[in-house]
Amino acid sequence: MRARVLGSAAGGGFPQWNCACDNCVLVRAGDARVVARTQDCLAIEQQSRWLLVNASPDVLRQIEATRELHPRALRDTPIAAIALTNGDLDHVLGLFSLRESQPLVFYATERVFSGLMERNAIAHTLRRFSGQLTYRRLVIGEPCAVPELGDVTITAFASPGKLPVHLIHALEPHAEDNVGLRITGSGTTLTCATSVRDVRAVVSHLAPSDVLLLDGTFWSSDELVTQRVGSARAEDMAHHPIGGDRGSIAALASVEHLGRKILTHINNTNPILREDSPERAWVARMGWEIAHDGMTVLT
Ligand SMILES: [Zn+2]
C-alpha cells in the first residue's frame, strides 16, 4: 500500500482567494518560506488502483499534478473509489467535478452519504445511469473491505465534531457525521483524522499506526481572532489546536506506536506554514512532520 498527500490545506486552500492574512500575502508574493497548498485530499494505492480520501474542490488540479492518476486508456481512471470523512464542502465538492459518466465507488457513513445525496438536487448528476455510483456503507467500528484495492480495509471511528455548515439547522448531530479512518493493507495501517475537536476523544483509535495524518488546522484556539480574519475559535470549528500545553501535540506526547506523525488539513493562518517560524521548529522538535502537496507518506 502506498499513500500520497494530494492536498494539505484546510478549506479555503493556501492562499485563500479572499484572504490577505500574513501567510496568504507571503505565498502570493512568492516568498521562499511558504509553499502554496490545495485543499485536503489523500490518495492511497494498491495494485495500481487508487482510493481518494475526500474529494476536494481542487481535485481536478490534484489529479493533473499526479501522473499516476492520469487515464491509461481512452476513457479511464485509476481512481477506483472515494472515501469520505465528513460532508464538509471542502471534502465533497470535488465529487461533482468527477461526474463525466465515470463509475465510482463511494465509502461513507450513512449519515454522510444521505446528507450529500438525498438533500441535494445536483447529486443526481452522479447517478445519471445505473451503476454510475456504487455506495458502500461505513459503520463505526466495523472493518469494511475495499475490494477495488486488493486487501485494503477501512475502519471508521467516531471523531466528535460538527455537522457540515449547510446541514447544521436541518439535522441533529450524530456520531457518524464526522469520522476518522484506519486504512489497512499489506500489513500496514494508515490512520487519518483530519477533523478532530478533541484529540483525547479519539486517542484510542490512533495507535498502532505506521502513519498518522492528524488535524493540523490551527496552531491556537484564537488564531482567527488575533489575526482579525474571523470570530470563531478553533474548537467552535471542531478542530483541536496543535500548539501549547493544551494542544493536540502535547496531548499525544506520551502515546506510543503512532508511527510517522504528520500534520495536514492546515489552515492558511497557521504559523507552521512558515519555514522560519518558531511554531514550525517546535512541531519538528516534538517529532511531527508537516504535510505538503505531493508528499509521499507511505511507500
Ligand atoms: Zn489567509
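One-based numbering, in listed order, for ligands and for the atoms of each. Below, each value reflects all heavy atoms present in this structure, side chains not excepted, and no hydrogens, waters or symmetry copies.
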Relative to each other, are the rings of F113 and Y135 parallel, tilted or perpendicular (30° and 60° limits)? parallel

With respect to V199, which candidate in L206, D215, I242 satisfies the side-chain contact (heavy atoms from CB on, under 4.5 Å) definition? L206

Are the charged groups of R61 and D58 less than 4.0 angstrom apart, N to O? yes

At the Zn ion (ligand 1), what is the angle formed between atom SG of C24 and atom OD1 of N268, rounded to the nearest 10°? 110°

Got a salt bridge between E148 and R136, using NZ or NE/NH1/NH2 to carboxylate O under 4.0 Å? yes

Has N267 got an N/O/S atom less than 2.8 Å from the Zn ion (ligand 1)? no

Nearest 10°: the angle subtended at the Zn ion (ligand 1) by C19 SG and C21 SG? 110°

